[in-house]
Structure formats: structure tokens, C-alpha cells
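Worksheet: one structure, shown below.
Numbered from 1 within each chain, the chains take letters A, B, ... in sequence-line order.
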Number of protein chains: 2
Amino acid sequence: MSHTSFDLSKASALRQAAPRARADASPCSACRVRHLTFCQPLDDQELKQLSAIVTTVELVPGDPLFDESEPATHLFNVTAGTMKVYKLLPDGRRQITGFLFAGDFLGLANAETYAYSAEAVTHAALCRFPRKKLEDLLARYPKLESRLLGMASHELAAAQEQMLLLGRKSAKEKIVSFLLTLAERAARRGQTSNPITVPMSRTDIGDYLGLTTETVSRTFTQLKTGGLISLQAGGRVDLRDLVALRNIAEGF
Amino acid sequence: MSHTSFDLSKASALRQAAPRARADASPCSACRVRHLTFCQPLDDQELKQLSAIVTTVELVPGDPLFDESEPATHLFNVTAGTMKVYKLLPDGRRQITGFLFAGDFLGLANAETYAYSAEAVTHAALCRFPRKKLEDLLARYPKLESRLLGMASHELAAAQEQMLLLGRKSAKEKIVSFLLTLAERAARRGQTSNPITVPMSRTDIGDYLGLTTETVSRTFTQLKTGGLISLQAGGRVDLRDLVALRNIAEGF
DNA sequence: CGTGAAGTTGAGTATGCTCAACGGTGGTGG
DNA sequence: CCACCACCGTTGAGCATACTCAACTTCACG
């Protein structure tokens, strides 16, 4: 599972999301993923205000975006590619707390510092908003803040689902739940949900699910042998028996 | 560790938080825990609006407040006592996703239904807001929505910390982290942080930390034997060596 | 007191981890 | 263009942490 094929596949997405050069048109109004993001409720006039404070960031796989406990100066919006956010223990144990795709935001912090580190999984593009200036805009446009609260609520529900997974599910249930969540999120973004694209490494998956790479690998093999999934080129996973998979994920 | 002693200790808190009878004074303006809650930014005039839509709920240990997948018609604010929120798998496995104390809110839902069930751990009192009417108020008072977003961000950070715990910490690290978090939250509420009050059962603690009751019990014994904590009457836990405990919790 | 729930302790076990070897693949440099 | 190398993924063997099942104790309450 190399990154290369994904780098290629993301290249066009990067171009789509990139702001346009013309000065009079708001770059944000041309954004292909706006309907997925927190900017969604703004009209053209308001998007111009947003455009005035945004800059874009492009990352290659492995590039860090920010580190835990660093001053939380910016909020980001993923426009293309995949990001991961994680927390570390002093001895190197790592918990990936989320994978982020187009439309997801990161960097929301109540405290002065980020609560986690963020790093690119694939080639990725992001919008970067200075926190202070964005807060001014939030104060001016309550519907923006409302949208952000809605997205934060959604994330909270996802976090609780993940706690159930981490605390109470078996390795097999974890992997299957993970695959189905990927499929669901892809569908939500309007992408194909079967076969799904799994851009992250076995190690990343393990660190997300509270497993080791070996266990992740063994479980994939087991699912493959059982005819529930099949692994295809480019890190794609074909979900062969959705009913059976859903039963496993729910713990039946 | 019975609930009784806690029921007694909470009785006065219940009275403190109970709305007053006079019609012209806003009950909310007399609230003892307002500075901890999302109502905090409102002035007296605005609190009156809030009072108009609030009702109060009192629960005894074990009382359910609402169930997962039930229509999310209300949002709640804990004013006294301890609540737990949890998710279930079909075979009965349970993950408690949080314990809630005075000042914490619950029932925030982006979807039509609650994402979890909620139940009283001790005697508890809550404010109940009809979701629709509260949303009207949120639209009218952006500072309310802003405050709610801040609290949701804080919860998200806590959820990520909990994922790190569930996915990557040992039983001992989990228990110690849990005790220290309880101490920190007690301090935040202005209560004594040592000894701490642990109002929930071993089973609840296990379901919160992804452990069994037996492992929780064994680990407490181990910490006690090691002189790191001591168990006192009324479910109080004395943290004997904070430095050592912090090192364990952080994974050193 | 008697009873039932909660907590503790013990013995044996299983799930997932550790340590290790090997194979494939893509990227690099000669 | 090919050979090498590093990284990722897979598989195996043995082990450890936490679980299961069970007995016993403690405690709250009737």
C-alpha cells in the first residue's frame, strides 16, 4: 500500500480546491468542498470576508501541520487528502484520535494550545484561518458559529462511538467498524463507498483502533479468508458482504 | 461503597440549586452553579428568558434520564449530583462515555436522537430545556452559542484524552488517570480535590475505563498496598503521593 | 440479624502483544 | 536500466495482561 497512487489521485483534487487567481472573485466561492465545511452557511458577500483572512497549505505525506501543546494560533479546514490527528505518551505510545478528510476542520481549541498533533497521511490541502480573526468573524456571523457548533456536536457523537469501540470491541469488531465508518464517510462526501479507499498504513490503523500492526494485519487476513472483504490495488478494500460486516461491527 | 452517604451529602446541594418560589425573581439568577454552566454569560434580564423555558428534574440513583436513539427533545444541565452517560452493544457490553457533575450539560445532539443513554449515579438535580425553545434563545443570544461551543470544544479535548486512555494505557495507568481527572474536575468546581469523592461503583468505573470490575478492584488494592492511595469511608479516596500518581498517569 | 448487592480475592484462560523472520514494493542511486 | 535498500505488510511462536468463572467477604438495609 504505497502513497504514490494516492498522491496521483489527489493531484486533481488539489487543483479543484485551490483558490483561483482572480482578485475580484472570492476564492472561497469557487471552493468545491464548501458544502461539506463550516463555511457552508455563508453567502458570496460573506465569503469575501472569509477569503480575506484565509491562506492555503499543501502537505505531502508525513508533513506535520502542528504539534500538541503548541500555541493554537490557527484553525484549519481540510480541502483535499487525508490528515491524522494524534496524541502521544512520553514512551512513544500513540493514539490517533481521528482521520480527517475533505470538509473536516481541525485545530478547534478552547485552551491556548492544541490538544493534539496533526500530520498529513496523503498529499493534502488545507485552508488556514488565524484563530483571532476567525473568532471576529464568528462573532459577526452567528450562523457560522452555529454551524461550527453543529459540526462539533457531530464530532462529539463520533468520539463517543470511538470510545465504545476502544473500550469494548474485539479486534475483529474494531477493524470492521473502522472499514464501515470509512465507507459511510466517503458516501457522505459523495465518493464511492464500495470499494473504499484506505489511504493509511497498518500502523496508523492500529494506533487508531488501539491495536498493533500485527493484529491489524492478521485481522485483515482473517476477514479476507472469510470472504468478507477483498484487498485490491491502491489500498482499496472491497466490502463483500455488507450485512455480515454490519453484524460484526455492531457486536452481534 | 453505598450510595447512601452521597445521597445525604447531596441533599443540601439539591436545595441550594433548586429554583426559588418567588415569581418576579428569575430562578436562574439564584443558581449556585451558574458560573460553571453554559448559562454563565447571560445577564439578569436574559436569565429571565431562560427561566421561562426551564423545568427541573430530580433523580435518585439508577433513574434513567433518557435513552440512546430516543428523540432528542431536551437539553439538560446538571446542577447537583453525578450522572453517567453510556452506550450499549446488543449483547450487553457497555461503555460509559462520561460522568457528569454540577455545571456539565448533556443531550447536545446534532441528529434527531440522543447518541447515548443517561442515568443518575447519585441523587441528582438537572435543569431541562426544550431543545427547540433553547435553539431560539441561542439564535437570539450569540454569546450563549459561543459559550456552548467553548464547552463543546472542551469536551472534545476530554474525549480525545479518554481515547488515549482507552486505546493505549494499562489498567494501572487508567485507574490513576481516572482518579486524577476526578480530582481536577472537583477542584474546577471549587470542591476539595484531596481526598476525592468517588460516587460510582466498581462496575461503572470498569465500564468507563474499558476494564472489568475485578480488574478495577485488584488495581485499587495494588495502589493501596503500594501506599499511593488509601480508601476511606463514604467512597472517598485519599491521594497519598501525587507526584508518583501523576507519573503513572502520564505513562512514565 | 438475615438478605442481597457490591466488593475482593484466587485460579485458570484467552485475546492480543512482543519479538522475530521473511517477502514484496517503491524509491534511489549508480 | 537495473540493483540495492528501506519500509511496509505478513506470518509465526511464545508470552503477558487482563478476562472469565467462582468463592468468599463486607456492608447497607430491611
Side-chain angles (χ1 to χ4, degrees), chain A residues 1-8 60-62 91-95 121-123 165-176 198-225 229-237 248 251, chain B residues 1-9 60-62 91-95 121-123 165-175 198-225 229-237 248 251:
Chain A
M1 181 180 306
S2 88
H3 287 304
T4 309
S5 59
F6 295 97
D7 300 353
L8 291 172
V60 301
D91 63 359
R93 280 175 287 173
R94 185 176 67 152
Q95 179 66 39
V121 172
T122 65
H123 268 182
L165 179 151
L166 289 169
R168 289 302 181 209
K169 289 189 182 179
S170 70
K172 190 173 181 178
E173 291 165 350
K174 284 177 176 180
I175 295 284
V176 173
V198 181
M200 60 291 288
S201 69
R202 295 288 183 263
T203 303
D204 281 351
I205 296 173
D207 283 350
Y208 181 57
L209 302 176
L211 301 170
T212 58
T213 61
E214 293 95 329
T215 299
V216 172
S217 186
R218 276 187 250 272
T219 307
F220 267 102
T221 302
Q222 188 186 337
L223 292 170
K224 206 171 49 181
T225 307
I229 63 171
S230 73
L231 304 185
Q232 305 184 346
R236 263 180 291 278
V237 176
I248 293 171
Chain B
M1 181 178 309
S2 88
H3 288 303
T4 308
S5 59
F6 295 97
D7 301 352
L8 289 172
S9 70
V60 301
D91 64 0
R93 280 175 285 173
R94 185 176 69 152
Q95 179 66 39
V121 173
T122 64
H123 268 182
L165 178 150
L166 289 169
R168 290 302 181 209
K169 289 188 182 179
S170 69
K172 190 173 181 177
E173 290 164 352
K174 284 176 175 180
I175 295 283
V198 181
M200 60 290 287
S201 70
R202 297 287 183 262
T203 303
D204 282 352
I205 296 173
D207 283 351
Y208 181 59
L209 301 177
L211 300 170
T212 58
T213 60
E214 293 95 329
T215 299
V216 172
S217 186
R218 275 187 251 273
T219 307
F220 267 102
T221 302
Q222 189 185 336
L223 292 170
K224 206 171 50 181
T225 306
I229 63 172
S230 74
L231 304 185
Q232 306 184 346
R236 263 182 289 278
V237 176
I248 292 171

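- For A:R218 and D:dG9, a side-chain-to-base donor-acceptor distance below 3.5 Å is absent, hydrogens and geometry of angles not being considered.
- D:dA18 atom C1' lies 12 Å from atom CD of B:Q222, rounded to whole Å.
- Side-chain proximity of A:R202 to the nucleotides D:dT10, C:dG7, D:dC8 is greatest for D:dT10.
- Looking at heavy-atom distances under 4.0 Å, B:T213 makes no contact with the nucleic acid at all.
- Side-chain contact check for B:M200 versus B:V198: some heavy-atom pair is nearer than 4.5 Å.
- One atom, CG of B:L165, and another, P of D:dA18, lie 12 Å apart when rounded to the nearest Å.
- At whole-Å resolution of the value, CG in B:L211 and P in C:dG16 are 15 Å apart.
- Residues A:V176 and A:I229 form no side-chain contact, since every pair of their non-hydrogen atoms from C-beta on lies 4.5 Å or further apart.
- Among the atoms of the strands shown, none is found under 4.0 Å from any heavy atom of A:G206.
- A close approach under 4.0 Å does occur between a side-chain nitrogen or oxygen of B:T212 and OP1 or OP2 of D:dC19.
- Checked against C:dC19, C:dT8, D:dA18, the side chain of B:L231 finds its nearest nucleotide in C:dT8.
- The CE atom of A:M200 sits 11 Å away from the P atom of D:dG9 (whole-angstrom rounding).
- Taking every side-chain heavy atom of A:S201 into account, D:dC8 is the closest of D:dT10, D:dC8, C:dG16.
- As a whole-Å value, the separation of B:E214 CD from D:dA18 P is 14 Å.
- Contact annotation: the side chain of B:R168 never approaches that of A:L166 to less than 4.5 Å [non-hydrogen atoms, C-beta and beyond].
- Of the candidates A:I175, A:T219, A:L211, A:I175 is the only one forming a side chain to side chain contact (heavy atoms under 4.5 Å, CB included) with A:I205.
- A:L223 places its CG atom 15 Å from the C1' atom of D:dT10, with the value rounded to the nearest Å.
- B:E173 has its CD atom 12 Å from the P atom of D:dT17, to the nearest Å.
- Looking only at side-chain heavy atoms (C-beta outward), A:K169 and A:L209 stay at 4.5 Å or farther from each other.
- The side chain of A:T215 contributes an N or O atom lying less than 4.0 Å from OP1 or OP2 of C:dC17.
- In this structure, the NZ atom of B:K169 is 14 Å from the P atom of D:dA18, given to the nearest Å.
- The side chain of A:T221 sits closest to D:dT11 out of D:dT11, C:dG16, D:dA22.
- Taking 4.0 angstrom as the limit, B:T203 places none of its side-chain polar atoms (N or O) nearer than this to OP1 or OP2 of C:dA6.
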